[in-house]
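Predicted model only: the values in this text are computed from it and were never measured.
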Amino acid sequence: MHEFRELFTDIRSESGMEHAVEYCFESFIDDWLAWIGPEPCNAERSSCSSTLQHGGGVAEYRDTGDWLAYLAVGMAEVLSIRDVLILSLLTGVSTSAAMSERQNVTVEQLKDMACRPHHRKNAALMTGQLQRAFRLTPCACALRRCRNGISALSAMCASVPEEYRVQALAVIAYINWWLGDASAEAYARQALSLDVSCRLASIVICALEHNIHPNGAGKQSFRE
């Protein structure tokens with residue numbers, strides 16, 4: 001992880017942030033997407049239930065290479081990497097160029113959002129998809145993606161130094177908040193205990209304290 005972080009820093013110094021993020025992103029994205037599965041639902045060919053079913057269906061993460069360590073470094077270095085991982089869990093990512101109404105982003109769009117988060121097109125896409133996710137009730141496919149993602153991130157937190165756990169804990173907190181899981185607060189507070197400046201964890205705590213939930217589950221929502 002130390003060597004990968006140094007390599008990232010060197011590329012950033014020599015070629016700029018965009019190239020450094022692209023290199024980092026490509027070192028783990030295929031493995032991440034293969035692990036979280038499945039692609040976004042397609043109403044014409046998917047039997048996915050539109051209702052959220054609790055219980056069952058999550059694999060325990062097992063070490064299959066260095067990609068999880070690279071992911072931890074990437075999230076610690078660049079918040080846009082963290083943000084696109086959240087998006088991949090909420091919406092799924094299409095591996096083909098042709099997208100149905102529910103297939104929100106492609107791998108190339110995800111990479112571009114990680115590399116150029118402040119570009120007007122990418123900022124609008126990220127905002128639009130997050131707002132859409134807040135309005136939709138998570139389906140079974142989304143639940144499986146989120147559970148698989150949490151499984152990998154939990155394995156990361158159990159195996160990397162504390163400085164690399166903060167953003168992973170914050171992502172787990174955010175995803176659990178989105179799913180209505182009561183453990184969201186504990187993960188958010190754990191992230192803040194390691195880094196009091198972790199804004200994503202603070203957002204989750206603030207939302208819970210004000211009973212703000214996505215999908216209209218609470219007394220108020222971010223859409224209001």
Minimal non-hydrogen separation, Met1 against Pro161, with atom names
SD-CD, 4.2 Å
One should read off an interatomic distance between Asp195 CG and Leu200 CG, to the nearest 0.5 angstrom, of 11.5 Å
Working to the nearest 0.5 angstrom, can you tell me the gap between Leu7 CG and His2 NE2?
11.5 Å
Any donor and acceptor pair, going by atom type alone, linking the side chain of Arg145 with main-chain N or O of Leu90 inside 3.5 Å?
yes
We want to know whether Trp67 and Ser27 form a side-chain donor-acceptor pair, criterion being a heavy-atom distance below 3.5 angstrom.
no
Looking only at non-hydrogen atoms, find the nearest pair between Ala114 and Val21 and report the distance.
O-CG1, 3.4 Å
Between Glu163 and Arg5, is there a side-chain N and carboxylate O pair less than 4.0 Å apart?
yes
Donor-acceptor pair, side chain of Gln109 and main chain of Thr106, under 3.5 angstrom
yes
Would you say the side chain of Val171 lies within less than 4.5 Å of the side chain of Arg82, judging by non-hydrogen atoms?
yes
Aromatic ring proximity, centroids under 6.0 angstrom, Trp177 and Tyr174:
yes
Got Val78 and Met17 here, is their nearest side-chain heavy-atom distance under 4.5 Å?
yes
Tell me whether Asn122 contacts the main-chain N or O of Pro117 through its side chain, where contact means a donor paired with an acceptor under 3.5 Å.
no
Applying side chain to side chain contact (heavy atoms under 4.5 Å, CB included), run through Ser94 and Val105 and close with a yes or a no.
CA-CA 6 Å; Ser94 176; Val105 293; over 6 Å; no
Report yes or no: does His210 contribute a side-chain atom to a donor-acceptor pair with the main-chain N or O of Ile212 at less than 3.5 Å?
no
Mind listing the closest non-hydrogen atom pair of Ser15 and His19 along with its distance?
O-CD2, 3.0 Å
In Ser154, Ser183, Cys146, the residue satisfying side-chain contact (heavy atoms from CB on, under 4.5 Å) with Ile172 is Ser154
Answer whether the closest heavy-atom distance between the side chains of Met126 and Val84 falls below 4.5 Å.
yes
Is the shortest side-chain heavy-atom distance between Trp35 and Ser151 below 4.5 Å?
yes
Are Leu192 and Ile203 grouped together when hydrophobic residues (ILVMFWY) are joined by side-chain heavy atoms under 4.5 angstrom apart?
no
Note, Met113 side chain near His119 side chain (heavy atom, < 4.5 Å):
no
When Phe28, Phe25, Phe4 are each screened for ring pair (Phe, Tyr, Trp, His ring centres under 6.0 Å) with Tyr70, the one that passes is Phe4
Euclidean distance, Leu85 CG relative to Ile36 CD1, rounded to 0.5 Å:
8.0 Å
Applying side chain to side chain contact (heavy atoms under 4.5 Å, CB included), run through Cys198 and Gln167 and close with a yes or a no.
CA-CA 8 Å; Cys198 181; Gln167 298 305 328; 4.1 Å; yes
Under the side chain to side chain donor-acceptor pair (under 3.5 Å) test, which residues partner Arg189, sequence neighbours left out?
Glu185
Mind listing the closest non-hydrogen atom pair of Ala201 and Ala170 along with its distance?
N-CB, 4.2 Å
Rounded to the nearest 0.5 Å, how far apart are CD of Gln129 and CG of Leu110?
11.0 Å
Donor-acceptor contact below 3.5 Å, side chain Thr91 vs main chain Ser88
no
Taking CD in Glu209 as the centre, count heavy atoms belonging to other residues, nucleotides or ligands within less than 6.0 Å. Is the count above 12?
yes
How about Cys24 and Val73: do any of their side-chain heavy atoms sit closer than 4.5 Å?
no
Return the minimal non-hydrogen interatomic distance between Ala188 and Ala173, and the atom names on each side.
N-CB, 3.5 Å
Out of curiosity, Leu143 CG to Leu89 CG, how far, rounded to the nearest 0.5 Å?
11.5 Å
Quick one: do Ile205 and Leu79 end up in the same hydrophobic cluster if we chain Ile, Leu, Val, Met, Phe, Trp and Tyr together by side-chain heavy atoms under 4.5 Å apart?
no
Run the side chain to side chain donor-acceptor pair (under 3.5 Å) test against Arg165 and tell me which residues pass, sequence neighbours left out.
none
Atom pair CZ/CD1 of Arg147 and Ile175 - distance to nearest 0.5 Å:
13.0 Å
Identify, with sequence neighbours excluded, every residue that meets ring pair (Phe, Tyr, Trp, His ring centres under 6.0 Å) alongside Tyr164.
none
